[in-house]
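Residues: numbered from 1 along the sequence shown.
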Amino acid sequence: MTMMEKKKLGQTDIEVSAVGFGCWPIGGQFLLDGHPDGYGEADDSVSIRAIQRALELGIQFFDTADVYGTGHSEEVLGRALKGRRHEAVIATKFGFTYDEATRNVYSKIDVSPDYIVRACERSLRRLGTDYIDLYQIHPGSVPDDRIDPVIHTLERLKEKGWIRAYGWSTEDLEAAEKFAARSSVAAFQHPLNVLADSPMVELCERHGLTSINNMPLAMGLLSGKFNRASRLAADDVRGSVHAWVRYFKDGRPVPEYLDALDAIRDVLTSGGRTLVQGALCWIWGRGANTVPIPGIKNPAQAEEAARAMEFGPLTPEQMAEIDRILRNLNEEMSRAG
């Protein structure tokens, strides 16, 4: 795998870098139903340098959402890509409602045709572009009777040239199967990392779609910078009360995940890789259609992610060794429990 390797986005003619740039952290602080949902404060000038450094190193796929910083992430990305829009592939999302003034996101979703069109208009304006490469449904669950109007609206946006392709951020296998059968979806986005596998990879392979992988570093736990004494601030999403934050509880790393990381550390870092790079290489080893999108806040993180591409996927032997280690560890924990 070379630094500039690209992968087709589903069955479109759009090509994306093998690793993307997750733009959740550059949105800065914002709230979900009154609780922190960002990764703390973000320095916009540092974020812009990170985006531009990523481009220099071959990362040209940027994944954001209208709710990251209630629009701020999109605005920063748009500023960073000014004059270089043609070099980038931009993915953003819609569906959650929010208040830009208070930076509060709500669990209430809106995927009505009118709302989708308005949301797309706002994202285009903030991004400073006249088209979005990949427009994604953000809520992971949408009532089945509302899916067809969503598909129809997204197809209309393609016809108008506002978007080039569309996808869905979901872990719902049954819903994803139906969506793939009824639409021209290009990609499904879902969590995937060495500590939390997902059958969504196989679903995407069956349908010839791209598997876009969020949380590839387990919300930073796979960076190796946390231990049992670590405590994150209450204004960090990992220190919040959201039930879906599985790798951290009350701001502390979950001990079982730290134990699992310790057990596979040597395999991940073999060959000169950092832990971050090993975690990304595991994802490439998991499937040829996978594109991890680690959250990036500064140029150093962009450089580390880009240089993972020099190592390529873990070998089948390394993948099997990690699987064996984690399976044995889980069995030991089950017996002890």
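Connection of Y115 to L157 is established within a shared hydrophobic cluster, with ILVMFWY side chains joined at heavy-atom distances below 4.5 Å, either directly or through further cluster members. V194 and V291 end up in different hydrophobic clusters when Ile, Leu, Val, Met, Phe, Trp and Tyr side chains are linked at under 4.5 Å. L217 and M215 fall within a single hydrophobic cluster, where Ile, Leu, Val, Met, Phe, Trp and Tyr side chains are chained together by heavy-atom contacts under 4.5 Å. Residues L31 and W244 fall into different hydrophobic clusters, defined by Ile, Leu, Val, Met, Phe, Trp and Tyr side chains chained together at heavy-atom separations under 4.5 Å. Y106 and Y68 are assigned to two separate hydrophobic clusters, defined by single-linkage of ILVMFWY side chains at heavy-atom distances under 4.5 Å.
Counting heavy atoms from C-beta on, the side chains of E87 and L81 never come closer than 4.5 Å. Using a 4.5 Å heavy-atom cutoff, the side chains of I14 and L134 are not in contact. In this structure, the side chains of L268 and R273 stay at 4.5 Å or more apart for every pair of heavy atoms. P294 places none of its side-chain heavy atoms less than 4.5 Å from the side chain of V276. Side-chain atoms of T92 and R126, non-hydrogen and from C-beta on, never get closer than 4.5 Å to each other. The shortest distance between side-chain heavy atoms of T153 and V150 does not fall below 4.5 Å. You'll find the side chain of Q52 reaches within 4.5 Å of the side chain of I48, heavy atoms only.
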Run the side-chain donor-acceptor check on residues 159-168: report pairs under 3.5 Å with partners two or more places apart or on a different chain.
from	atom 1	to	atom 2	distance (Å)
R164	NH1	D133	OD1	2.8
Y166	OH	E155	OE2	2.6
Y166	OH	S184	N	3.0
Y166	OH	S184	OG	3.2
W168	NE1	P139	O	2.7

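Contact detail for I325 and V267: the closest heavy-atom pair is CD1-CG2, 4.1 Å. Contact record, V185 with A180: CG1-CA, 3.8 Å, taken as the closest heavy-atom pair. Shown here for D99 and A101, the closest heavy-atom pair between the two residues is OD1-N, 2.9 Å. Annotation for Q277 and A308: closest pair CG-CB, 3.6 Å, computed over non-hydrogen atoms. Summarising the geometry of E205 relative to A288, their closest heavy-atom pair is OE2-N, 4.2 Å, with the distance given to 0.1 Å. The two residues V19 and I59 make their nearest non-hydrogen contact at O-CG2, 3.6 Å.
One N or O on the side chain of H242 and one on the backbone of P36 form a donor-acceptor pair closer than 3.5 Å. In this structure, the side chain of S230 engages the main chain of N227 through a donor-acceptor pair within 3.5 Å. Distance alone, capped at 3.5 Å, is enough to place a donor-acceptor pair between the T210 side chain and the G10 backbone. Listed for the K7 side chain is a donor-acceptor partner under 3.5 Å among the backbone atoms of T290. Although no hydrogens or angles enter the test, the distance criterion places a donor-acceptor pair under 3.5 Å between the side chain of S183 and the main chain of F179. Of the possible donor and acceptor atoms, one in the side chain of Q60 sits under 3.5 Å from a partner among the backbone N and O of S17. The backbone N or O of Y135 lies less than 3.5 Å from no partner atom in the side chain of K93, so there is not a single donor-acceptor pair. Judged by distance alone, the side chain of R53 and the main-chain N or O of A300 form no donor-acceptor pair under 3.5 Å.
Residues forming a side-chain hydrogen bond (donor to acceptor under 3.5 Å, both in side chains) with R246 (at least two apart in sequence, or on another chain): Y257. The side chain to side chain contact (heavy atoms under 4.5 Å, CB included) check on H152 picks up R156, with sequence neighbours excluded. H207 meets the side-chain hydrogen bond (donor to acceptor under 3.5 Å, both in side chains) test with E177; sequence neighbours excluded. Not counting sequence neighbours, P316 has no partner by the side chain to side chain contact (heavy atoms under 4.5 Å, CB included) test.
Interatomic distance, L192 CG to M200 CE, rounded to the nearest 0.5 Å: 10.5 Å. To the nearest 0.5 Å, atom OG1 of residue T70 and atom CZ of residue F96 are 14.5 Å apart. Separation of atoms CZ (F188) and CD1 (I212) is listed at 10.5 Å; rounding is to 0.5 Å. Note that CZ of R231 is 11.5 Å distant from CG of D236, once rounded to the nearest 0.5 Å. Rounding to the nearest 0.5 Å places CD1 of I90 at 3.5 Å from CZ of R85. If you take OG on S270 and CG on L314, they are separated by 7.0 Å, rounding to the nearest 0.5 Å.
E121 has no carboxylate O lying under 4.0 Å from a charged side-chain N of R118, or vice versa, which leaves the two without a salt bridge. For R182 and D144, the salt-bridge test passes: some basic side-chain N is under 4.0 Å from an acidic carboxylate O. Ion pair K6/E15 not flagged as a salt bridge, since none of the NZ, NE, NH1 or NH2 atoms sits closer than 4.0 Å to an Asp/Glu carboxylate oxygen. Using a cutoff of 4.0 Å between basic side-chain nitrogens and carboxylate oxygens, R103 and D37 are not scored as salt-bridged. A salt bridge between D250 and R252 is absent, with no side-chain N of the basic residue lying under 4.0 Å from a carboxylate O of the acidic one.
No more than 12 heavy-atom neighbours from other residues, nucleotides or ligands sit within 6.0 angstrom of CD on E174. By the neighbour-count criterion of 12 heavy atoms within 6.0 Å, atom CG of D323 is densely surrounded, having more than that number from other residues, nucleotides or ligands.
No cation-pi contact links R122 to F94, judged by a cut-off of 6.0 Å to the six-membered ring centre and 45° from its axis.
For the side-chain contact (heavy atoms from CB on, under 4.5 Å) with I26, the qualifying choice from I296, D44, I51 is I51, the only one to do so.
Ring centers of F226 and F248: under 6.0 Å apart, within the cut-off.
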After noting the C-alpha distance and the side-chain angles of D110 and T97, does the key distance pass the side-chain hydrogen bond (donor to acceptor under 3.5 Å, both in side chains) rule?
CA-CA 7 Å; D110 193 339; T97 56; over 6 Å; no
Assess the residue pair N193 and Y247 against the criterion (side-chain contact (heavy atoms from CB on, under 4.5 Å)); give the C-alpha distance rounded to whole Å, side-chain angles, the decisive distance to 0.1 Å, and a yes or no.
CA-CA 11 Å; N193 62 63; Y247 307 103; 2.8 Å; yes
Applying side-chain contact (heavy atoms from CB on, under 4.5 Å), run through I264 and W282 and close with a yes or a no.
CA-CA 11 Å; I264 60 176; W282 180 87; over 6 Å; no
Between L209 and N289, is a side-chain contact (heavy atoms from CB on, under 4.5 Å) present by the stated rule, with each step listed?
CA-CA 7 Å; L209 307 175; N289 62 335; 5.9 Å; no
Quick one, R265 with L261, criterion side-chain contact (heavy atoms from CB on, under 4.5 Å). Give me CA distance, side-chain angles, the key distance, then yes/no.
CA-CA 6 Å; R265 183 185 300 268; L261 176 56; 4.2 Å; yes
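A salt bridge (Lys or Arg N to Asp or Glu O under 4.0 Å) check over residues 281-298, counting only residues at least two apart or in different chains, returns the pairs D197-R286, E202-R286.
Side-chain atoms of Q136 and S169 include no donor-acceptor pair closer than 3.5 Å. Under 3.5 Å, the side chains of D66 and H138 contain no donor-acceptor pair of N or O atoms.
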